[in-house]
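Right, one structure below, let's go through it.
All of these numbers come straight from a predicted model, not from anything done at the bench.
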Amino acid sequence: MIDFLKNFFILFIELTALFIVISFIVSLLQQIVSEEKIKSILQKGNKTSGYISGTSLGALTPFCSCSTIPILAGLFSSGAPFGPSISFLISSPLLNPVIVILLWKLLGVKLTVFYVVAMFLFAVLAGIVFHLLKLEKHLRNIKIRRSHSKAENDTKWVVALKDAWNFFYPVLPYLVIGVLIGAIIHDFIPAEFITSVAGNEHPFAIPIAAIIGIPMYIRLETMIPISEALVSKGMSMGAVIALIIGGAGASLPEVLLLNKLFKPCLLVSFLFAILFGAITTGYILYFIY
């Protein structure tokens, strides 16, 4: 029990500090890379640079689908190219700086580099494929609800501090739950049980984890400490990454919001793309890690 409490508090303090610091930096970046700048960059068309720009900009946007999808609606309504906008949508929850830093802290540099490269390529290729399949015709009529502007007398640093807190306190319960579950798994669940169910000798655990991750509404702030505990107990890295990608790429709230923008054909295509990316990345990691 003493080890359990020690692991819980150390991990919670480390993740809290990382989350607030990185959220502060993200807010500063978002004030520089505004929605209008994103639109102007993506207006260049469906060229290779457009997909790379869409993916890169997605990594700098708010890490909540409730913020990302209104921006996506603004991109579509302003005439931004469809393919790069899809790359933006996919990379935003999967490559935001907070998730990348948490992955680095909990799962190591090697795995984090693999994850970043894989998700970057996946977002670019998904945007290209969606464009080639002409799925743009399955967009709904988009209505934009403008967000409130920041107080004019606030400096960038003050705005960043406020944003860091506003980003942090809604996810605090999820962070506590994730760290708590992770500590319980780490200290009380036998490693033999995890290995017997989802170890490296069970490759079918990867698609199962990806399928479970998509409808399972667990925020990444909750999932990452749980994933670290699962890995430490013997769960295959491929299955863990498939679970993370499935849950982050197509969470239930995001799917419900996308239903307002996408017709069924486009929404199903998006879910299939996330599932395919999660399973493929999981198996690549399974064979090389």
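To the nearest 0.5 Å, atom CG of residue Leu139 and atom CZ of residue Phe262 are 6.0 Å apart. In this structure, CG in Leu72 is found 7.0 Å from CG in Leu258, a value given to the nearest 0.5 Å. Taking OG1 of Thr55 as the start and CD1 of Ile52 as the end, the distance is 8.0 Å to the nearest 0.5 Å. One finds the CZ atom of Phe122 at 10.5 Å from the OG atom of Ser91 (value rounded to the nearest 0.5 Å). Interatomic distance, CZ of Phe114 versus CG of Leu285, reported as 4.5 Å (0.5 Å rounding). Of the inter-residue distances, the one linking Phe88 atom CZ with Leu95 atom CG reads 12.0 Å to the nearest 0.5 angstrom.
Hydrophobic clustering, with ILVMFWY side chains joined whenever heavy atoms are under 4.5 angstrom apart, keeps Leu125 apart from Leu132.
A donor-acceptor contact shorter than 3.5 Å links the side chain of Ser85 to the backbone of Pro81. At least one donor-acceptor pair closer than 3.5 Å links the side chain of Tyr115 to the backbone N or O of Leu94.
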Show the atom names and distances, to 0.1 Å, of all donor-acceptor pairs under 3.5 Å that link a side chain in residues 273-284 to residues at least two apart or in another chain.
{"from": "Thr280", "atom 1": "OG1", "to": "Phe276", "atom 2": "O", "distance (Å)": "2.8"}
{"from": "Thr281", "atom 1": "OG1", "to": "Gly277", "atom 2": "O", "distance (Å)": "2.7"}
{"from": "Tyr283", "atom 1": "OH", "to": "Pro203", "atom 2": "O", "distance (Å)": "3.1"}

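Taking all atoms of both residues into account, the shortest heavy-atom contact from Pro93 to Gly249 is CG-CA, 4.5 Å. Counting all heavy atoms, side chain and backbone alike, Arg140 lies closest to Asn259 at NE-O, 2.8 Å. Residues Ser87 and Tyr51 share a closest heavy-atom pair of OG-CD2, 3.6 Å. Smallest separation of non-hydrogen atoms from Leu243 and Ala209: CD1-O, 3.4 Å. Counting all heavy atoms, side chain and backbone alike, Ala250 lies closest to Phe270 at CB-CE2, 4.2 Å.
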Which is it for Leu266 and Phe82 under the side chain to side chain contact (heavy atoms under 4.5 Å, CB included) test, yes or no, and what are the steps along the way?
CA-CA 12 Å; Leu266 181 53; Phe82 176 70; 4.0 Å; yes

Does the side chain to side chain contact (heavy atoms under 4.5 Å, CB included) test come out yes or no for Thr112 and Val100, once each step is laid out?
CA-CA 7 Å; Thr112 303; Val100 172; 3.8 Å; yes

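Partners of Leu133 by side chain to side chain contact (heavy atoms under 4.5 Å, CB included), not counting sequence neighbours, listed by chain and number: Val129, Leu135.
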